[in-house]
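Here is the structure we will look at, set down as structure tokens.
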Number of protein chains: 2
Amino acid sequence: MRPGEIDEIRKLPLFAAMLPENFDALFRGAYVQNFPPQIELIREGDPADFLHVVLEGSVELFATWNNRETTMATVAPIATFILAATIKNGPYLMSARTLEKARVILLPSADVRKTFTTDPGFAQAIILDLAQCYRSVVKSHKDLKLRTSVERLANYLLRKDHQAGEQGHFDLKIEKRRLASYLGMTAENLSRAIRTLNGYGVEIEGSQVRITDRKDLAAFAKPTPLIDDPKC
Amino acid sequence: MRPGEIDEIRKLPLFAAMLPENFDALFRGAYVQNFPPQIELIREGDPADFLHVVLEGSVELFATWNNRETTMATVAPIATFILAATIKNGPYLMSARTLEKARVILLPSADVRKTFTTDPGFAQAIILDLAQCYRSVVKSHKDLKLRTSVERLANYLLRKDHQAGEQGHFDLKIEKRRLASYLGMTAENLSRAIRTLNGYGVEIEGSQVRITDRKDLAAFAKPTPLIDDPKC
DNA sequence: TTAGAGTCTTGATAAAGATCAAGCGAGGAA
DNA sequence: TTCCTCGCTTGATCTTTATCAAGACTCTAA
């Protein structure tokens with residue numbers, strides 16, 4: 001592991017409250033690995049042998065059934081993924097692949113499970129992390145069941161604009177076909193949805209998004225914190 | 001509270017590992033209430049003041065946006081709901097209403113939060129419960145994104161048949177319009193979906209379901225534990 | 001620099017699903 | 001009982017979304 005990296009990880013909410021000896025022991029058993037783009041890190045159905053921490057690059061979580069595939073989430077540094085499977089000692093429910101070159105830490109699941117039963121600070125942090133994850137999937141589920149595809153796109157753009165400081169312009173940072181899959185539509189329909197939003201103050205050129213009339217867009221999108229606020 | 005009730009609750013995985021003094025203290029602050037059918041117990045957006053435990057009757061969790069409404073889950077006794085909101089001390093993401101006459105315990109959220117920081121057994125149980133909840137929403141999300149409405153219905157019927165012991169017949173125990181909403185379709189389309197499944201060994205009369213050819217139905221539904229096994 | 005592969009867009013068409021309207025039937029209240 | 005409400009079903013129609021096909025564009029590697 002590189003100097004400084006371990007300190008960054010230590011600052012993650014999930015690990016910050018661990019006892020020093022437990023943190024050290026847990027990460028002594030860790031593997032750090034560098035992966036090229038488009039590598040499958042995890043296949044759904046496999047036993048959850050490792051908890052993953054993305055240090056650099058980005059990772060896509062996706063799911064498949066009957067030859068269909070859908071993007072469930074993208075994970076950006078520094079963050080963990082597949083915590084629930086590790087804890088339940090169950091199979092992965094989602095697959096994961098690198099989108100760019102990525103640097104990932106693998107923590108043996110057995111060590112994680114052993115640690116959280118004896119370290120109350122770690123247990124607290126896991127509780128908060130899982131509650132957060134649960135609520136964010138519930139929000140996605142509401143998004144999908146209650147909104148049309150154009151409405152989902154409109155709200156997605158407002159969320160990203162907000163995260164980028166409401167500057168009115170930002171970079172998508174994801175291929176459109178993956179965004180389409182994430183939003184539960186086809187790439188073709190994403191193109192058409194963008195055109196529809198041209199009429200509500202949205203301009204997209206390549207990966208550059210410009211929101212020229214946030215009021216108009218928000219009037220159309222009707223965002224609510226109960227779906228669209230990631231911190232709530 | 002009625003005699004015996006408290007013992008049943010004590011056996012719930014969430015509470016079984018608590019220290020006796022903490023369990024007693026937590027439930028000394030509890031309110032037991034009886035509600036008629038169709039009463040709104042919780043409105044989404046309200047602060048999560050109570051953790052709820054259903055003792056009798058059943059409760060529907062639903063969500064709304066822009067005058068649309070969708071059923072997210074139904075809770076049968078004995079089970080808790082809205083644990084994540086209680087823990088995060090955030091607003092409810094879903095509303096809840098009684099479907100039948102219901103008996104519910106309300107545990108002040110502040111007490112729950114206080115307790116889990118000091119009771120390791122309770123913390124462990126919360127971790128497992130949240131991980132389970134998280135994984136079950138992920139499965140629902142996959143179901144919704146990867147399958148058509150007829151496929152969702154087919155797999156739902158197989159799951160319920162399995163839970164009823166694979167007898168080949170069982171009772172829906174839920175109004176069809178609510179089932180439709182839960183499955184992400186309209187009541188009209190549920191009717192049509194049922195007709196489609198008549199061709200695959202499914203007969204439904206009122207709330208009575210009969211599966212006359214499970215093989216045929218499974219060949220159509222293509223169930224997978226990674227979506228359809230509630231225990232996995 | 002060019003060839004090739006993959007992405008994105010657009011149009012035409014098909015499928016899935018929602019809405020509207022009407023009628024049936026079960027269950028509850030007067 | 002009778003009336004009324006509400007849930008369920010069915011058909012017709014409309015909207016939304018997916019699929020198929022083709023061309024433009026972008027990026028990369030030889």
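Sequence lines set the chain letters: A, B, ... in the order given, protein chains first and strands last, and positions in each chain run from 1.
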Between P of dT5(D) and CD of Gln38(B), the distance in whole Å: 17 Å
Would you check if there is a donor-acceptor pair between the side chains of Thr71(A) and Glu60(A) at a distance under 3.5 Å? yes
Between Arg68(A) (CZ) and dA16(C) (C1'), how many Å, whole number? 12 Å
Thr64(A) side chain to Glu69(A) side chain, donor-acceptor N/O pair below 3.5 angstrom: no
Any chance the side chains of Ser207(B) and Asp171(B) put a donor and an acceptor closer than 3.5 Å? yes
Value in whole Å for how far the C1' atom of dG17(C) lies from NZ of Lys145(A): 15 Å
CG of Leu153(A) versus P of dC8(C): gap in Å, rounded? 14 Å
Across nucleotides 7-26 of chain D, 5' to 3', mark each nucleotide with B, S or - according to how protein heavy atoms within less than 4.0 Å reach it. SSSBBB----SBBB------
Applying side-chain contact (heavy atoms from CB on, under 4.5 Å), can you list everything that pairs with Ala102(A), at least two apart in sequence or on another chain? Thr98(A), Val104(A)
Under 3.5 Å, is there a donor on one side chain and an acceptor on the other for Gln167(A) and Asp161(A)? no
Is the cationic atom of Arg97(A) (NZ for Lys, CZ for Arg) positioned less than 6.0 Å from the six-membered ring centroid of Phe62(A) and within 45 degrees of its normal? yes
